Amino acid sequence: MRYEEIIKDLKNRIFYPIYLLHGDEPYYIDALTDYISEHVLSDVEKEFNLTVVYGLDVSGSDVVDHAKRYPMMASHHVVILREAQNLDKEIDQLTLYAANPSKSTILVIAHKYKKVSRLKGLEKMVQKTGLVFESKKLYDNNVPGWIEKHISSFGYRIPESSSQLLANSLGNDLSRIVNECAKLMINLPAGSTITPEVIEQNVGISKDFNPFELTKALSMRHVFRVNQIVNYFGANAREYPAVLVISVLYSYFYKTWIYHQLPDKSRKSAASALGMSDYILNDYIAAAKTFSYDKTCQILLLLYEYDMRSKGLHNDSVSGPELIKELVYKIMAA
């Protein structure tokens, strides 16, 4: 089931005796766990019927003992196992419980940052008696659309230039994106349009100096503009660490590499193949004109090398800002 479908069922008070929420994107896992914790029981019922435990502090048997308790003056006893990825003792006990879970208990297993090991059999068993939800990381090219949908659900508007700016600056960490979007919306009247200027004023992301603008400047070989942006990154190294900048550059040139190899480069076909809008495709067409296929391959190798150096491998104490200057110089010379 999709996240929206699970929330809809919960609002309609359609419950499962056991929920296994797992995967590498923590945002949806936290959101579902919090919703169940806050809305299934009334405030009075929570006092005796809501149990929250953490994987580092309990064993599988402890969780099962809680789950087997009967509710007191409520229809359900809600047991939430947070940080289940830290549960090391007696995980098999959860699998045994999942084979025949209590009908009056709602057990939530919140297992973040990775999938549950298939060796334990827990996922397979919960699929039979409860609900399994795998929370997957969004691909980078899906993040702008996700931001637009999230913002519009609150009655605000956001143009593609703004969603792209947020996506390129914040990556695909949905929790961070949601927090930054909340900062934007809290300072604006409902129905407002979130422009790049609004983002710069409220989130601290520069509309003129960010990794997205750097890729555009590189695609045009705009030397002065590239130097401006790189110097800005150097003066604001905490907000623009080398790892982040290199990640954005790699994604950009990897998509340029794919564009070079497309058999059909018509705008509609290319945009569909790259998973982006026609508006964003313009930047990749420009990059492909500036950097040939062979040069793009050279740049990808450079980016791999500098990614390793930014993480401490074969790096003779060169600072992050200096690494970016070196890298960009070599890209421009390619």
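Computed from a predicted structure; not experimentally measured.
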message: Closer than 4.0 angstrom, basic N to acidic O: yes or no for Glu180 and Lys183?
response: yes

Aromatic ring proximity, centroids under 6.0 angstrom, Phe15 and His76: yes

Do you see a donor-acceptor pair shorter than 3.5 Å between the side chains of Lys330 and Tyr306? yes

Residue pair Tyr97 / Thr105, side-chain heavy-atom distance below 4.5 Å
yes

**N-O pairing of Arg82 and Asp34 below 4.0 Å** = yes

How about Leu214 and Val230: do any of their side-chain heavy atoms sit closer than 4.5 Å? yes

Note to self: Counting C-beta onward and ignoring hydrogens, is there a side-chain heavy-atom pair between Ile151 and Ile194 closer than 4.5 Å?
What the structure shows: yes

So NE2 of His66 and NE2 of His77: to nearest 0.5 Å the spacing works out to 7.5 Å

*asked:* In the structure I gave you, are the side-chain heavy atoms of Asp283 and Thr215 within less than 4.5 Å of one another anywhere?
replied: no

Residues Ser206 and Asp208: side-chain donor-acceptor under 3.5 angstrom: no

Heavy-atom closest pair (Pro17 atom, Ser102 atom, distance to 0.1 Å) is CB-O, 3.6 Å

Are any of the side-chain heavy atoms of Ile106 and Tyr16 separated by less than 4.5 Å?
no

Cluster overlap Met1 with Tyr28, hydrophobic side-chain contacts below 4.5 Å: yes

Are Val178 and Tyr113 linked, directly or through intermediate hydrophobic residues, by side-chain heavy-atom contacts shorter than 4.5 Å (ILVMFWY only)?
no

Quiz prompt | Check ion pair Glu25-Lys137 (N to O, under 4.0 angstrom) | solution = yes

- Query: Between Lys112 and Asp30, is the closest basic N to carboxylate O distance under 4.0 Å?
  - Reply: yes

* Asked: Are the side chains of Trp146 and Ile177 in touch, meaning some heavy atoms are under 4.5 Å apart?
  -> yes

task = Quick one: sort the Phe154 and His150 rings into parallel, tilted or perpendicular, breaks at 30° and 60°.
result = perpendicular

Practice task
Report yes if some heavy atom in the side chain of Val58 is under 4.5 Å from a heavy atom in the side chain of Leu87; otherwise report no.
Solution key: yes

Worksheet item: Between Tyr259 and Lys265, is there a cation-pi geometry (under 6.0 Å to ring centre, at most 45° from the normal)?
Response: yes

In terms of the angle between their ring planes, are Tyr3 and Phe133 parallel, tilted or perpendicular, with boundaries placed at 30° and 60°? tilted

* Can Val243 be reached from Val328 by stepping across I, L, V, M, F, W or Y side chains whose heavy atoms are under 4.5 Å apart? -> no

Between Pro189 and Tyr156, the two heavy atoms sitting closest are O-CE2, 3.1 Å

When every non-hydrogen atom of Ser61 is compared with those of Gln93, the smallest separation belongs to OG-CG, 3.5 Å

| said: Let's go through His22 and Glu123 carefully: what are the C-alpha distance in whole Å and the side-chain angles of both, what is the deciding distance for side chain to side chain contact (heavy atoms under 4.5 Å, CB included) to 0.1 Å, and is it a yes or a no? | reply: CA-CA 9 Å; His22 69 145; Glu123 179 183 7; 3.8 Å; yes

Kindly say whether the aromatic ring centers of Tyr284 and Tyr252 come within a distance under 6.0 Å. yes

Quiz prompt | Salt-bridge contact Lys311-Asp307 (side-chain N to carboxylate O under 4.0 Å) | solution = yes

**Prompt:** With ring centroids as reference points, do Phe291 and Phe253 lie under 6.0 angstrom apart?
**Reply:** yes

Taking every heavy atom of Arg225 against every heavy atom of Ala217, the minimum-distance pair comes out as CG-CB, 3.7 Å

*Might you work through the side chain to side chain contact (heavy atoms under 4.5 Å, CB included) test for Leu81 and Leu94, ending with a clear yes or no?*
CA-CA 11 Å; Leu81 171 60; Leu94 296 181; 4.1 Å; yes

Nearest heavy-atom approach of Pro144 to Gln164 is CG-OE1, 3.5 Å

Discussion item. If you define the side chain from C-beta out and look only at heavy atoms, does anything of Ile109 sit under 4.5 Å from Leu122?
Written reply: yes

Establish whether Ile36 and Phe48 are linked, either directly or via other cluster members, by ILVMFWY side-chain heavy-atom contacts under 4.5 Å.
no

CD1 (Ile80) and OG1 (Thr51) are apart, to the nearest 0.5 Å, by 9.0 Å

For side chain to side chain contact (heavy atoms under 4.5 Å, CB included), just list the numbers for Leu274 and Ile258, CA-CA rounded to whole Å, side-chain angles, deciding distance to a tenth of an Å, and then say yes or no. CA-CA 8 Å; Leu274 290 168; Ile258 293 175; 3.7 Å; yes

**Prompt:** Should Ser135 and Asp24 be marked as a side chain to side chain contact (heavy atoms under 4.5 Å, CB included) after you check the CA-CA gap, both sets of side-chain angles, and the distance that decides it?
**Reply:** CA-CA 6 Å; Ser135 186; Asp24 51 9; over 6 Å; no

**Request:** Could you state whether Leu56 and Val108 fall into the same hydrophobic cluster, counting links through intermediate Ile, Leu, Val, Met, Phe, Trp or Tyr residues with side-chain heavy atoms under 4.5 angstrom apart?
**Result:** no

